[in-house]
Colleague: 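Can you read through this structure? Questions will come right after.
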Amino acid sequence: MFPAADHAFMAQALRLAERGLFSTSPNPRVGCVLVKGGVVVGEGWHERAGEAHAEVHALGAAGTAARGATAYVTLEPCCHYGRTPPCADALIAAGVARVVAAMADPNPQVAGHGLEKLRAAGIDTACGLLEAQARELNIGFVSRMQRGRPWLRLKAAASLDGKTALNNGQSQWITGAEARLDGHRWRARACAIFTGIGTIKSDDPQLNVRGVDTERQPLKIVVDSRMELPLTARVIEGAPLLLAVAQENVSKAAELQARGVEIIRLPNAEGKVDLNLLLQELAKRGINEVHAEGGAGLNGALLQAGLVDEVLLYLAPCLIGNAAQGLFQSQELSNLDEKCALKVMDIRQIGEDIRVVARFV
């Protein structure tokens with residue numbers, strides 16, 4: 001359906017879009033390439049929210065050469081006013097002859113209307129070229145628009161026998177430095193980093209991105225049903241912290257708020273934090289991807305609630321033993337037909353460790 005040249009130019013646009021991996025949220029990652037006579041005359045990508053979109057950067061680079069050109073864009077051009085004017089209008093004004101989009105925009109404010117506007121202006125349009133790759137790049141944005149909740153990626157590091165820590169809580173470090181740095185790259189692409197009060201008490205993590213070149217730190221989220229967060233916890237420092245609680249301690253809440261902590265109360269019937277409501281609230285705040293790094297209790301709760309979309313698992317070449325802590329706390333199965341089936345999306349060696357990316361079937 002699409003000639004080889006179209007594939008090559010769209011692949012170039014996707015590589016450009018990936019440059020915004022750490023910086024565009026809550027907006028999608030988008031790249032654009034303008035081609036005329038088989039030659040690239042302009043290119044650009046959306047660099048950060050509130051600034052010019054990919055098409056505007058590409059049109060600016062092309063100048064008058066944009067007239068009669070083909071625009072390859074990884075997401076349908078927008079047709080509504082947000083913090084910037086509609087890209088569809090900019091393409092029309094520049095006189096492009098053809099627009100090829102990798103995928104339709106799942107945002108209900110666009111959802112095909114951008115391409116319709118281009119067609120109404122006499123511009124030849126096509127959609128669906130390298131759609132799977134474009135969707136992967138913006139999997140969190142698509143999730144938020146279509147499901148009303150972010151894409152939740154659960155990261156864990158374990159021994160080959162599936163143990164994440166000793167029973168005394170010691171877990172640093174099961175995996176090597178290369179795997180830990182790789183984990184920070186995954187943190188950097190997320191809009192929020194998510195953990196439970198158990199991890200705060202045992203590890204006192206900073207819950208930030210380190211060792212990765214990024215201008216943005218994700219929102220930090222701690223699930224803390226009884227508001228037990230120590231005022232000395234390192235997680236309070238740095239990037240904004242959202243504390244999700246079920247029970248509120250008024251005096252302690254005042255102390256935490258004075259330290260810049262935002263508290264949100266979302267109790268469920270069992271007196272714990274309603275994780276489903278929490279993710280819905282995060283979607284309302286423009287959170288596309290959540291990177292969860294909790295202990296077995298929080299991991300199990302997320303799994304039981306059906307909220308885990310993807311597992312990012314680092315396996316170290318070591319054995320810790322049966323008495324150590326496992327990956328998930330969950331109900332015992334009586335039949336193997338009840339097992340959680342996953343599809344392995346990627347597996348590779350990172351330093352001395354193995355990284356597995358898997359999704360639920």
Colleague: Could you state the interatomic distance from CG (L160) to CD1 (I174), rounded to the nearest 0.5 Å?
Modeller: 11.0 Å

Colleague: Look up atom SG in C87 and atom CD1 in I92, then write down how far apart they are to the nearest 0.5 Å.
Modeller: 11.0 Å

Colleague: With rounding to the nearest 0.5 angstrom, report the CG to CD1 distance, L207 to I221.
Modeller: 9.0 Å

Colleague: Is it true that a side-chain atom of T74 and a backbone atom of G31 form a donor plus acceptor pair closer than 3.5 Å?
Modeller: yes

Colleague: Under a 3.5 Å distance rule, please check whether D309 uses its side chain to pair with a backbone N or O of R153 as donor and acceptor.
Modeller: no

Colleague: Got a donor-acceptor contact below 3.5 angstrom from the E76 side chain to the G112 backbone?
Modeller: yes

Colleague: Examine distances only and state if a side-chain atom of R216 and a backbone atom of A188 form a donor-acceptor pair shorter than 3.5 Å.
Modeller: yes

Colleague: Which pair of heavy atoms, one from V245 and one from I263, lies closest together, and at what distance?
Modeller: CG2-CG2, 3.9 Å

Colleague: Please check this pair: side chain of K220 against backbone of T195, looking for a donor-acceptor N/O pair closer than 3.5 Å.
Modeller: no

Colleague: Return the minimal non-hydrogen interatomic distance between L303 and V308, and the atom names on each side.
Modeller: N-CG2, 3.9 Å

Colleague: Honestly curious: do L154 and L313 fall in one hydrophobic cluster under the side-chain, below-4.5 Å linking rule?
Modeller: yes

Colleague: Is it the case that more than 12 heavy atoms not belonging to Q247 sit under 6.0 Å from its CD atom?
Modeller: yes

Colleague: Flag yes if more than 12 heavy atoms outside D346 fall under 6.0 Å of its CG atom; otherwise flag no.
Modeller: yes

Colleague: Do L129 and I123 belong together in a cluster built from hydrophobic side chains that touch within less than 4.5 Å?
Modeller: no

Colleague: Under 4.0 Å between a side-chain nitrogen and a carboxylate oxygen: does that hold for R348 and E178?
Modeller: no

Colleague: Considering non-hydrogen atoms only, spot the tightest contact between A239 and P218 and give its length.
Modeller: CB-O, 3.7 Å

Colleague: Can you tell whether the side chains of R144 and E289 come within less than 4.0 Å, N to carboxylate O?
Modeller: no

Colleague: Please tell me if the side chains of I347 and I354 come closer than 4.5 Å, counting only heavy atoms from C-beta onward.
Modeller: yes

Colleague: Would you give the length of the straight line joining atom CZ of R189 to atom CZ of F22, rounded to the nearest 0.5 angstrom?
Modeller: 8.5 Å

Colleague: Are I197 and L298 close enough, and set up right, to give a side-chain contact (heavy atoms from CB on, under 4.5 Å), and what steps lead you there?
Modeller: CA-CA 9 Å; I197 187 62; L298 180 60; over 6 Å; no

Colleague: One thing to verify: whether E281 and R285 come together as a salt bridge, which I'm taking to mean a side-chain N less than 4.0 angstrom from a carboxylate O.
Modeller: yes

Colleague: Could you go through the side-chain contact (heavy atoms from CB on, under 4.5 Å) check for F194 and L275 one step at a time?
Modeller: CA-CA 11 Å; F194 188 96; L275 297 171; 4.1 Å; yes

Colleague: Say whether V100 and L130 are linked into one hydrophobic cluster, either directly or through other cluster members, by side-chain heavy-atom distances under 4.5 angstrom.
Modeller: yes

Colleague: Under 3.5 Å, side chain of D204 to main-chain N/O of A233, donor-acceptor pair present?
Modeller: no

Colleague: Are M345 and L152 joined in one hydrophobic group, where the rule is that I, L, V, M, F, W and Y side chains link up if heavy atoms are under 4.5 Å apart?
Modeller: no

Colleague: List the steps and the verdict of side-chain contact (heavy atoms from CB on, under 4.5 Å) for N138 and M103.
Modeller: CA-CA 11 Å; N138 285 306; M103 62 177 287; 5.5 Å; no

Colleague: Ignoring hydrogens and geometry, is there a side-chain-to-backbone donor-acceptor pair from D161 to I320 under 3.5 Å?
Modeller: yes

Colleague: Taking the side chain as every heavy atom from C-beta outward, state whether L115 and R119 have any pair of such atoms under 4.5 Å apart.
Modeller: yes

Colleague: Parallel, tilted or perpendicular: which fits the ring planes of Y72 and F9, with parallel below 30° and perpendicular above 60°?
Modeller: tilted

Colleague: Please tabulate, one pair per line, all N/O donor-acceptor pairs under 3.5 Å involving side-chain atoms of residues 10-19, not counting sequence neighbours.
Modeller:
from : atom 1 : to  : atom 2 : distance (Å)
Q12  : NE2    : E43 : OE1    : 2.8

Colleague: Under the 3.5 angstrom rule, does the side chain of D353 hit a backbone N or O of T175 as a donor-acceptor pair?
Modeller: no

Colleague: How close do L282 and P150 get, counting heavy atoms only, and between which atoms?
Modeller: CB-CG, 4.0 Å

Colleague: For L229, is there any backbone N or O sitting under 3.5 Å from a side-chain donor or acceptor partner on K252?
Modeller: yes

Colleague: How far does CZ of R135 sit from CG of L75, to the nearest 0.5 angstrom?
Modeller: 10.0 Å

Colleague: So L59 and V96, side-chain contact (heavy atoms from CB on, under 4.5 Å) or not? Walk me through it.
Modeller: CA-CA 9 Å; L59 290 169; V96 301; 4.2 Å; yes

Colleague: Might you point out which heavy atoms bring S25 and C191 nearest each other, and give the distance in Å?
Modeller: CB-SG, 3.4 Å

Colleague: Can a salt bridge be assigned to the pair E228 and R226 using a cut-off of 4.0 Å between side-chain N and carboxylate O?
Modeller: yes

Colleague: Following the transitive rule for hydrophobic clusters with a side-chain heavy-atom cut-off under 4.5 Å over Ile, Leu, Val, Met, Phe, Trp and Tyr, establish whether V311 and I139 coincide in one cluster.
Modeller: no

Colleague: Distance-only, no hydrogens or angles: does the R265 side chain make a donor-acceptor pair with backbone N or O of A246 under 3.5 Å?
Modeller: yes

Colleague: Out of curiosity, L278 CG to N268 CG, how far, rounded to the nearest 0.5 Å?
Modeller: 11.5 Å

